[in-house]
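Let me begin by presenting the structure, written as structure tokens, before commenting on it.
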Amino acid sequence: MSFNLEGKVAVVTGGSSGIGLETVRLLLAEGARVAWCGRNPERLAASEQEMAAAFPGADYLTFACDVLVKSQVEAFAGQVGARFGGADLLINNAGQGRVSGFADTADEDWLNETRLKTFSVIYPVKAFLPLLELSDCPSITNVNSLLALQPEPHMIATSAARAALLNLTHSLAHEFAAKGIRVNSILLGMVESDQWRRRFAERSDRETNWEQWTAAIAARRGIPMGRLGKPQEPARALVFLASPLASYTSGATLDVSGGFNKHL
Ligand code: NDP
């Protein structure tokens with residue numbers, strides 16, 4: 001079975017690292033033309049070099065931009081339009097989480113977290129909508145977290161903001177169905193990322209290797225599959241939902257949490 005992505009134009013926000021970078025890699029491997037962004041120009045350039053070496057002759061574009069700055073996102077969409085003439089897949093992945101409970105979450109933190117989780121989708125959707133409307137298989141796929149349905153007190157602001165993003169995703173799915181644009185999201189549990197690698201480097205028990213260290217976290221948190229996810233795993237879920245293979249699926253959430261979900 002093929003994802004049917006040959007020649008399609010895919011846009012990935014936050015494509016310079018982790019889940020976003022693995023999504024870019026899979027899209028390029030499937031023959032898509034890919035545009036991705038990130039804020040840090042060095043990290044973006046490194047991701048571009050890595051993809052250029054892995055996929056010689058591939059058609060891609062990178063653009064340094066903060067998804068929370070509307071004018072920058074509009075400029076990114078302008079570049080994609082000028083280069084590729086349209087867009088078929090928009091994957092909203094850029095972002096990060098915030099660890100804090102109610103007592104140590106200031107008013108400003110609540111505002112920032114809500115802004116990050118909603119406007120990191122609102123600005124790209126607004127900017128890329130005219131390009132998606134030119135496509136014969138348009139889709140928007142949002143990276144979300146299981147926290148949207150299963151809040152955790154130690155990530156109180158992120159949990160609330162994730163619920164807002166899930167709600168927003170459903171509204172967009174309904175509104176855009178008439179335009180033929182499918183809108184879906186994935187709900188992540190814990191996935192290996194730079195953040196986890198940094199914590200591993202700072203661990204007190206130097207005898208523990210990466211597998212033992214992450215297995216201990218999974219056991220502590222009660223992840224049934226006994227390990228953290230690899231970034232390639234949500235990348236595959238994202239590419240499936242975004243691709244024409246999922247042509248009759250909209251307003252759906254796909255769980256990528258190693259069985260950590262407890263809601264029905
Ligand atoms: P990484 O930190 O490895 O990658 C995040 C990517 O997003 C980077 O390319 C980063 O580049 C970019 N980015 C972050 N903020 C912005 C911004 N404002 N504008 C543009 N680009 C931005 O993280 P992951 O791969 O782990 O996470 C990807 C997504 O998954 C995030 O939205 C995260 O919140 C979500 N998630 C991850 C979980 C996990 O366990 N890993 C769990 C639940 C959700 P740069 O910093 O240069 O801008």
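Model, not experiment: these values are computed from the prediction. We count ligands from 1, going down the list as the structure has it; atoms in each ligand are counted the same way.
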[X] and [Y]: side chain donor to acceptor below 3.5 Å:
| X | Y | value |
| --- | --- | --- |
| S185 | N142 | no |
| S159 | E152 | no |
| S100 | T105 | yes |
| N93 | T13 | no |

Original post:
Among all residues two or more places apart in sequence or in another chain, which pass the salt bridge (Lys or Arg N to Asp or Glu O under 4.0 Å) test with D104?
Top reply: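 None.
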Original post:
With side chains defined as the heavy atoms from C-beta onward, is the minimum distance between L187 and S257 less than 4.5 Å?
Top reply: no
Subject >> Connected hydrophobic set around L111, excluding itself, where side chains approach under 4.5 Å >> reply: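 Members alongside L111: none; it stands by itself.
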Region of [X] engaging ligand 1 - heavy atom pairs below 4.0 Å:
| X | answer |
| --- | --- |
| R98 | neither |
| N93 | both |
| V143 | side chain |
| R39 | both |
| C65 | backbone |

Name the closest protein heavy atom to [atom], giving the residue it belongs to and the distance to 0.1 Å.
| atom | result |
| --- | --- |
| atom 38 (C) of ligand 1 | L188 CD1, 4.0 Å |
| atom 19 (N) of ligand 1 | V67 N, 2.9 Å |
| atom 7 (O) of ligand 1 | G14 CA, 3.3 Å |
| atom 47 (O) of ligand 1 | N40 N, 2.9 Å |
| atom 40 (O) of ligand 1 | V191 N, 2.8 Å |

Heavy-atom contacts with [X] under 4.0 Å: which atoms of ligand 1 show up? List them by number with element.
| X | result |
| --- | --- |
| S16 | 8 (C), 9 (O), 11 (O) |
| Q96 | 34 (O) |
| I19 | 25 (O), 30 (O) |
| M190 | 40 (O) |
| S193 | 26 (O), 41 (N) |
| D66 | 17 (C), 18 (N), 19 (N) |
| A94 | 7 (O), 13 (N), 16 (C), 20 (C), 21 (N), 22 (C), 32 (O) |

Subject >> Donor-acceptor contact below 3.5 Å, side chain R182 vs main chain S243 >> reply: yes
Original post:
Is there a donor-acceptor contact under 3.5 Å from the side chain of N92 to the main chain of V143?
Top reply: no
Original post:
Between Y60 and F55, is the gap from one ring center to the other below 6.0 Å?
Top reply: no
Original post:
Any chain of hydrophobic side-chain contacts (each under 4.5 Å) joining V80 to V67?
Top reply: yes
Original post:
With hydrophobic residues grouped by side-chain heavy-atom distances under 4.5 Å, do L241 and I19 end up in a single group?
Top reply: yes
Subject >> Heavy atom of E192, distance to ligand 1 below 4.0 Å >> reply: no
**OP:** May I ask whether P234 places a heavy atom under 4.0 Å from ligand 1?
**Re:** no
Should one rank [options] by closest heavy-atom distance to [atom], which comes out on top?
| atom | options | value |
| --- | --- | --- |
| atom 42 (C) of ligand 1 | G189, G97, P231 | G189 |
| atom 2 (O) of ligand 1 | P41, S17, C37, G15 | S17 |
| atom 45 (P) of ligand 1 | E42, R43, K117, E22 | R43 |
| atom 5 (C) of ligand 1 | G95, A235, G18 | G95 |

Run the salt-bridge test on [X] and [Y] with the 4.0 Å N-O cut-off and return the result as yes or no.
| X | Y | answer |
| --- | --- | --- |
| R33 | D88 | no |
| D136 | K8 | yes |
| K230 | E233 | no |

Got an N/O contact under 3.5 Å between [X] and ligand 1?
| X | result |
| --- | --- |
| L116 | no |
| R162 | yes |
| N144 | no |

